[in-house]
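This report concerns only the one structure given below.
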Amino acid sequence: STTTPAELFRLDGQPVGIADLPYLYAAELHELELRAGERRIEILREAALDRHLKALAAEQGKPLAEVRAGLLGDLTVSETEIERFFNQNQARIGRPLFEVRDAIANALRTEKESTIHRDLILGLEKQGRLEIARPQSSAPLATFELAGLPDAGNPQAQVTVVEFFDYRCSHCRTASTTLRKLIDAHPDRLRWVPIDFPLLGGVSRQLAMGSYCAQQQNRYWDYHHEVFASHERLHAGSPSAIAEKLTLDKSAFDSCLSGTAAAAYVDATQQQGLEVGVKGTPTIFINGLEYQNGSLEEDLTKAIEQAIGQP
């Protein structure tokens, strides 16, 4: 039998759709669809421009090549332009000018033509004469096992922010500061769950294990904030030193740090990150939707406040 449009494949006769896939695969498919969608738009824009030019040629009673040449204008590349490009890129080119002059001229001519094409297409869109149909693709939502993990804010809040972080990551310190401010501003409407993902290994893993041990003494957040406050001075002995500074039960903390439970905890948090495709830190999810391509201060604040309905 054949698959239906909603099915991705069948295994042993059982249909499998996008909702049945682990998040990691669903997210990769979504990224592929987005890239394909952008290329689709590029192709359709070029096709629309070609159709527009042919219509102009028919309307004016002129050959298509003549109409196209009239719109493109003079594409001549001057010797000055060639030499300027060569001088700016000489180290990368690595060959004498006389060997690459024609190739540079052709590349600059193509760039000019592409720019004019783009401007013509944008003009049609601004005039409302061209509308490209864009297929809809919804990003998958990640799910997490948050039971037993530390959190801040309201556990029943409608918005949950999950953050995979490394204590030695400077960007993570920035994100932590932003999230801390948001929790202070919206304590009843937001939940923040930091999840250890010691990407840098070594000292980072020890610090993550220390966070588990601090949690066993109900001092997770004191430890968390102190580690980031000591960001530039972290070393292998930092977890124990920070525990002493916070007046934790030092003996119990050190025993925990060298035990198997802390190591197992970090293994489990890292595995959660791997299952949702975490490759760098911080990686942040807002209600299961990955936050991407924005700053960790103003843009992140706007994204979270938009999720909680804050103007």
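Reckoned from all heavy atoms, side chains included, excluding hydrogens, waters and symmetry mates.
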ILVMFWY cluster membership beyond Leu289 - transitive side-chain contacts under 4.5 angstrom:
Leu141

Got a salt bridge between Asp222 and Arg219, using NZ or NE/NH1/NH2 to carboxylate O under 4.0 Å?
yes

Going by side-chain hydrogen bond (donor to acceptor under 3.5 Å, both in side chains), name the residues that satisfy it together with Asn287, two or more places apart in sequence or in a different chain.
none

Heavy-atom distance under 4.5 Å between the side chains of Tyr167 and Asp196, does that happen here?
yes

Review item, side-chain donor-acceptor pairs of residues 113-120, under 3.5 Å, at least two apart:
from, atom 1, to, atom 2, distance (Å)
Ser114, OG, Thr110, O, 3.0
Thr115, OG1, Glu111, O, 3.0
His117, ND1, Glu46, OE1, 3.4

Partners of Ala263 by side-chain contact (heavy atoms from CB on, under 4.5 Å), sequence neighbours excluded?
Arg205, Met209

Sequence-distant partners of Asp254, side-chain hydrogen bond (donor to acceptor under 3.5 Å, both in side chains), two or more places apart
Ser240, Lys250

For Gln60 and Ala57, indicate whether the former's side chain and the latter's backbone hold a donor-acceptor pair under 3.5 Å.
no

Evaluate side-chain contact (heavy atoms from CB on, under 4.5 Å) for Ile284 paired with Phe164, printing each intermediate quantity in order.
CA-CA 6 Å; Ile284 297 169; Phe164 289 91; over 6 Å; no

For side-chain contact (heavy atoms from CB on, under 4.5 Å), just list the numbers for Leu207 and Ser238, CA-CA rounded to whole Å, side-chain angles, deciding distance to a tenth of an Å, and then say yes or no.
CA-CA 7 Å; Leu207 291 163; Ser238 291; 4.1 Å; yes

Tyr291: partners by ring-ring contact (aromatic ring centres under 6.0 Å, His included), with sequence neighbours left out
none

Cationic N near anionic O, under 4.0 Å, Lys302 to Glu305
no

Does Gly17 offer a backbone N or O that forms a donor-acceptor pair with the side chain of Asp20 under 3.5 Å?
yes

Which residue pairs pass the disulfide (SG to SG under 2.5 Å) test when at least one of the two sits in residues 191-224, sequence neighbours left out?
Cys213-Cys256

Under 3.5 Å, which donor-acceptor pairs link side chains of residues 93-109 to any protein atom two or more places apart or in another chain?
from, atom 1, to, atom 2, distance (Å)
Arg95, NE, Glu99, OE1, 3.2
Arg101, NE, Glu79, OE2, 3.0
Arg101, NH2, Glu79, OE2, 3.1
Asn106, OD1, Arg109, NH1, 2.8
Asn106, ND2, Asp102, O, 3.3

With a cutoff of under 4.5 Å between side-chain heavy atoms, which Ile, Leu, Val, Met, Phe, Trp and Tyr residues group with Leu34?
none

Ring pair (Phe, Tyr, Trp, His ring centres under 6.0 Å) test vs Phe165 passes for just one of His224, His231, His171, namely His224

Phe285 vs Thr283, test: side-chain contact (heavy atoms from CB on, under 4.5 Å). Steps then yes/no.
CA-CA 7 Å; Phe285 295 84; Thr283 296; 3.6 Å; yes

Apart from Leu200 itself, residues in the same hydrophobic cluster as defined by side-chain heavy atoms under 4.5 Å
none

OH/Tyr223 to NZ/Lys245 distance, rounded to the nearest 0.5 angstrom?
13.0 Å

Name all residues meeting the side-chain hydrogen bond (donor to acceptor under 3.5 Å, both in side chains) criterion together with Gln156; count only those two or more places apart in sequence or in a different chain, and write none if there are none.
none

May I have all residue pairs that pass disulfide (SG to SG under 2.5 Å) and include part of residues 149-204, sequence neighbours excluded?
none

